[in-house]
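Values below: every heavy atom of this structure, side chains too, minus hydrogens, waters and symmetry copies.
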Amino acid sequence: MMLRPKEVVCKWVDAFNDHDVEAIVSLYHDNATNHQVTNEPVIGIEAIREMFTTEFTTADMTAIVENIFEDGQWAILEWRDPLGLRGCGFFHVVNGKI
């Protein structure tokens, strides 16, 4: 059974908060693109793996879910961290993968 976009993002948040890079990248298509506001797009699952590995070794990051919205193939995550930083992520989910 294929996961809905909101379900994929819930799994993504759990993996992110566990700093489980392999669980995170398992949710992405092989040729996915990850766009971060302050960085150039990261293209491909290996580059995404490297990005998360690097980020988790340099910062203790936690995403506290405020809302997850779903519209068709899209899920939108509204989050905050323990220090009060807030943001949102847009996830295009096709066939159960980001």
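Taken to the nearest 0.5 Å, the CD atom of Gln73 stands 13.5 Å off from the CZ atom of Arg4. In this structure, the separation between CD1 on Ile68 and SG on Cys88 is 12.5 Å, given to the nearest 0.5 Å. To the nearest 0.5 angstrom, Glu66 atom CD is 4.0 Å from Arg86 atom CZ. Note that CZ of Phe56 is 8.5 Å distant from CE of Met51, once rounded to the nearest 0.5 Å.
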### Task
Step by step, work out the side-chain contact (heavy atoms from CB on, under 4.5 Å) result for Asp60 and His19.
CA-CA 9 Å; Asp60 184 17; His19 298 177; 3.2 Å; yes
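Residue Ile76 is found in a hydrophobic cluster whose other members, listed by chain and number, are Phe69, Trp74, Phe90; membership requires side-chain heavy atoms under 4.5 Å apart, directly or through intermediates.
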Using a 3.5 Å cut-off and no angle test, enumerate the donor-acceptor pairs between side-chain atoms of residues 9-16 and protein atoms at least two apart in sequence or in another chain.
unit_1	atom_1	unit_2	atom_2	d
Trp12	NE1	Tyr28	OH	3.2

Side chains of residues 35-47: which donor-acceptor pairs under 3.5 Å do they make with residues two or more places apart or in other chains?
unit_1	atom_1	unit_2	atom_2	d
Gln36	NE2	Asn34	OD1	2.6
Glu46	OE1	Arg49	NH1	2.8
Glu46	OE2	Arg49	NH1	2.6

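Using a 4.5 Å heavy-atom cutoff, the side chains of Asn67 and Trp79 are not in contact. Val21 is listed as a side-chain neighbour of Phe52, based on a closest heavy-atom distance under 4.5 Å.
A single hydrophobic cluster is seen to contain both Met61 and Ile48, as judged by linkage of ILVMFWY side chains at heavy-atom distances under 4.5 Å, directly or through other members. Taking hydrophobic clusters as Ile, Leu, Val, Met, Phe, Trp and Tyr residues chained together by side-chain heavy-atom distances below 4.5 Å, Ile98 does not share a cluster with Met2.
Between the Lys97 side chain and the Ser26 main chain, a donor and an acceptor come within less than 3.5 Å of each other. Listed for the Asp18 side chain is no donor-acceptor partner under 3.5 Å among the backbone atoms of Asp20. Between the His29 side chain and the Asn95 main chain, no donor and acceptor come within less than 3.5 Å of each other.
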